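Reviewing the structure listed below.
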Amino acid sequence: MEIHELMVILGPTATGKTALAVKAARALNAEIVSADSRQIYRGLDIGTGKDLSEYSQGGTAVPYHLIDFLNPGETYNTFQFKADATEVIREIGSRNKLPLVCGGTGLYIESLLLDYHFSSANRQEDFRREAEHMDNSVLARQIEVLGGTLSNEDKANRHRLIRKLEVLLFSEEKKEMRESLKIEKLHVFGIELPREIIRRRITDRLIIRLEHGMVEEVKSLLDDGVSPKWLDALGLEYRFVSRYLKKQMSYQEMFSQLETAIHQFAKRQSTWFRRMEKRGIKINWIDGQVDDMEKMEFIMETVDFNCHG
RNA sequence: GGCGUCGUAGCUCAGUAGGUAGAGCAGCGGACUGAAAAUCCGUGUGUCACUGGUUCAAUUCCAGUCGAUGCCA
């Protein structure tokens, strides 16, 4: 069964995406597909702002997908996300419900909407182990020898250098089979707030998260044997709190550096959404400062949903 | 009260042997196709505290004022 209709709610962190998505899902008989690269993990709750009770607040429970389905320490990536989300979205559609993608991971959302096709090269762990000992200029030279091109940004970007070389070395010529969604009606909504307000909300929220046991959450992950390296690679809360717990920084330093890092993250998210618009995705921006009722009215009058309910 | 030190970008500070100034961080913009809350790139004009003086020319020297700080009373 083909997908006919898809809705998306996106926005930077701390703009109230989930609460709005739950309301929209009720009104439109939808199910939520999370596009959040960190809420996929069990046990990462306070630091990711994961609150599963939100999906049942104020009415019947709204089904959600792609949250809480991996254990900490497991790896995941955009390629996996696109495959998983495609399958889930298709399945929701087959039950004649509306799939509602909600999240702040720009790359994940774009991979779906722009139907990314990925190289057939899987991660090559042996290659990556070797590549660890090569510095950037060596990687860049090899890429150029193999006919790859690099932008200035790429030349200093280790992750990208390694993947590019991996693709050049290991992709196979045969066309990668890929699953694409046929989206006939797409409604993308973005929640918009002045940067200043986002920053204030982030700071307030950080204080609350710390009061609600964020440090203890990270500590218990470490106690359960989750590697500090993995936590560090997650960034933000898990990075800075685990560094604090390892006594690499004071509580004050942890707080202020983390605060700054989240502010910067929100900015990077906005850059993603602007890029999506430049690439042709129409985003209907919702004023984040009005209440959810008004936001819902905007959603309802912006699009007409006639085949769900 | 006396003596000294300091007052330069949002913050911490450098500097100008007199020709109106520069780093780190923050901020801002951007990149992104198998780690994306990751990773990376670009971007620095500000009454050089205020008021006078010396000088062709003062943020730089001198005096005073205000503010901060230290020591002595």
Side-chain angles (χ1 to χ4, degrees), chain A residues 12-14 34-41 44 46-50 70 73-85 103-125 127-128 131-132 136 139-140 148-171 176 178 180 194-196 198-199 202-203 205-206 209 214 218 227 229-242 253 256-279:
Chain A
T13 190
S34 167
D36 183 307
S37 66
R38 305 280 116 120
Q39 292 197 8
I40 59 180
Y41 294 106
L44 308 201
I46 299 169
T48 63
K50 187 203 298 161
L70 290 176
E74 292 192 86
T75 58
Y76 197 72
N77 54 48
T78 317
F79 175 79
Q80 269 300 322
F81 173 81
K82 195 201 169 199
D84 292 343
T105 304
L107 176 65
Y108 281 12
I109 295 169
E110 196 177 275
S111 77
L112 236 34
L113 300 187
L114 261 35
D115 192 24
Y116 280 13
H117 65 282
F118 297 92
S119 156
S120 59
N122 291 318
R123 274 179 70 98
Q124 308 287 322
E125 297 306 333
F127 159 77
R128 280 174 183 256
E132 262 176 48
N136 290 352
L139 292 166
T149 53
L150 289 168
S151 68
N152 266 339
E153 283 102 328
D154 289 339
K155 283 180 184 152
N157 189 327
R158 204 157 174 78
H159 288 183
R160 290 233 285 271
L161 286 168
I162 290 174
R163 164 91 292 228
K164 270 197 184 241
L165 187 52
E166 187 174 57
V167 167
L168 287 166
L169 290 171
F170 300 101
S171 52
E176 170 77 352
R178 68 178 145 130
S180 298
R195 189 75 54 81
E196 258 315 300
I198 292 179
R199 290 156 61 87
I202 286 169
T203 300
R205 190 183 70 180
L206 178 55
R209 285 181 180 183
M214 197 168 82
V218 177
S227 96
K229 206 176 156 197
W230 186 82
L231 287 171
D232 203 78
L234 288 176
L236 304 189
E237 279 83 353
Y238 297 95
R239 167 176 295 178
F240 288 97
V241 173
S242 62
E253 287 169 332
S256 68
Q257 288 181 34
L258 173 54
E259 181 186 24
T260 298
I262 305 171
H263 292 169
Q264 291 170 333
F265 168 56
K267 184 168 131 52
R268 257 178 283 133
Q269 288 179 299
S270 300
T271 303
W272 254 106
F273 304 138
R274 271 182 238 132
R275 164 203 160 103
M276 285 169 62
E277 292 183 293
K278 281 189 265 176
R279 298 185 113 197

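Every heavy atom of this structure was used, including side-chain atoms; hydrogens, water molecules and symmetry mates were not. This is a predicted model, so every value here is computed, not measured. To find a chain, count down the sequence lines: A is the first, B the second, and so on, and within it residues start at 1.
Between A:R38 and B:rA36 there is a side-chain N or O to OP1 or OP2 distance below 4.0 Å. The phosphate of B:rG34 (OP1 or OP2) has a side-chain N or O of A:R163 nearer than 4.0 angstrom. Contact between the side-chain N/O atoms of A:R195 and the OP1/OP2 oxygens of B:rC28 is found at a separation under 4.0 Å. Checking the phosphate oxygens (OP1, OP2) of B:rA31, a side-chain nitrogen or oxygen of A:K278 falls inside 4.0 Å. Checking the phosphate oxygens (OP1, OP2) of B:rA36, a side-chain nitrogen or oxygen of A:Y108 falls inside 4.0 Å.
When distances are taken from the side chain of A:W272 to each of B:rG34, B:rC41, B:rA36, the shortest belongs to B:rA36. Nearest nucleotide to the side chain of A:R279, out of B:rA38, B:rA35, B:rU33: B:rU33. For A:E166, counting side-chain heavy atoms from C-beta on, the closest listed nucleotide (B:rC41, B:rG34, B:rU33) is B:rG34.
In this structure, A:R268 reaches the bases: a heavy-atom distance under 4.0 Å links it to at least one base atom across the strands shown. Residue contacts for A:T105: at a heavy-atom cut-off of 4.0 Å it reaches the sugar-phosphate backbone alone, with no base atom in range. Using a 4.0 Å heavy-atom criterion, one finds that A:N152 contacts no nucleic acid atom at all. Looking at heavy-atom distances under 4.0 Å, A:T13 makes no contact with the nucleic acid at all. Residue contacts for A:F81: at a heavy-atom cut-off of 4.0 Å it reaches no nucleic acid atom on any strand shown.
Listed by chain and residue number, A:I143, A:L146 satisfy the side chain to side chain contact (heavy atoms under 4.5 Å, CB included) test with A:L168 (two or more places apart in sequence, or in another chain). Remark: A:R158 engages A:N136, A:L139, A:I162 in a side chain to side chain contact (heavy atoms under 4.5 Å, CB included) (not counting sequence neighbours). For A:E110, the salt bridge (charged side-chain N to carboxylate O under 4.0 Å, His left out) partners at least two apart in sequence or on another chain are A:R275, A:R279. With sequence neighbours left out, A:D84 forms a side chain to side chain donor-acceptor pair (under 3.5 Å) with A:Y76.
For A:H159 and B:rA38, the ring-to-base geometry does not satisfy the stacking test (centroid distance below 5.5 Å, interplanar angle below 30°). Residue ring and base: A:F79 counts as stacked with B:rG34 (centre distance below 5.5 Å, interplanar angle below 30°).
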Tabulated below should be each protein N or O lying under 3.5 Å from an N or O of nucleotides 23-26 of chain B; please produce it.
from   : atom 1 : to     : atom 2 : distance (Å)
B:rA26 : OP1    : A:Q264 : NE2    : 3.2

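In this structure, CD1 of A:I162 is placed 14 Å from P of B:rU33, rounded to the nearest angstrom. Computed from coordinates, the A:R158 CZ to B:rC41 P distance equals 13 Å when rounded to whole Å. Atom pair A:E125:CD and B:rG34:P shows a separation of 14 Å (rounding to whole Å applied). What separates CZ of A:F170 from C1' of B:rG34 is a distance of 14 Å, to the nearest Å. Rounded to a whole Å, the CZ atom of A:R274 is 9 Å from the P atom of B:rA31.
Side-chain polar atoms of A:H117 and A:S180 form no donor-acceptor pair below 3.5 angstrom.
Comparing B:rU60 with B:rA21, their C1' atoms sit 11 Å apart, to the nearest whole Å. Nucleotides B:rU12 and B:rC72 place their P atoms 27 Å apart, quoted to the nearest Å. Using atom P as the reference point in both B:rA58 and B:rU43, the two lie 33 Å apart (nearest Å). Annotation: B:rC56 and B:rU8 have their P atoms spaced 31 Å apart (nearest Å). Separating the P atom of B:rA38 from that of B:rA26 is a span of 13 Å, rounded to the nearest Å. With P as the reference atom, B:rG44 and B:rU5 are 36 Å apart, rounded to whole Å.
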Quiz item: What do the steps show when you test A:T13 against A:R205 for side-chain hydrogen bond (donor to acceptor under 3.5 Å, both in side chains), and what is the final call?
Solution: CA-CA 11 Å; A:T13 190; A:R205 190 183 70 180; 3.1 Å; yes

Self-check item: Secondary structure of RNA chain B in dot-bracket form (Watson-Crick or G-U wobble, distances below 3.5 Å, | marking inter-strand pairs)
Solution: (((((((..((((.....[..)))).(((((.......))))).....(((((..]....)))))))))))).

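Ion pairing between A:R128 and A:E125 fails under the 4.0 Å rule for side-chain N and carboxylate O. A salt bridge is defined here as a Lys NZ or Arg NE, NH1 or NH2 lying under 4.0 Å from an Asp or Glu carboxylate O, and A:E166 with A:R163 meets this definition.
At a cut-off of 3.5 angstrom, counting only N and O atoms as typed in the model, there is a donor on one side and an acceptor on the other between the side-chain of A:K267 and the base of B:rG29.
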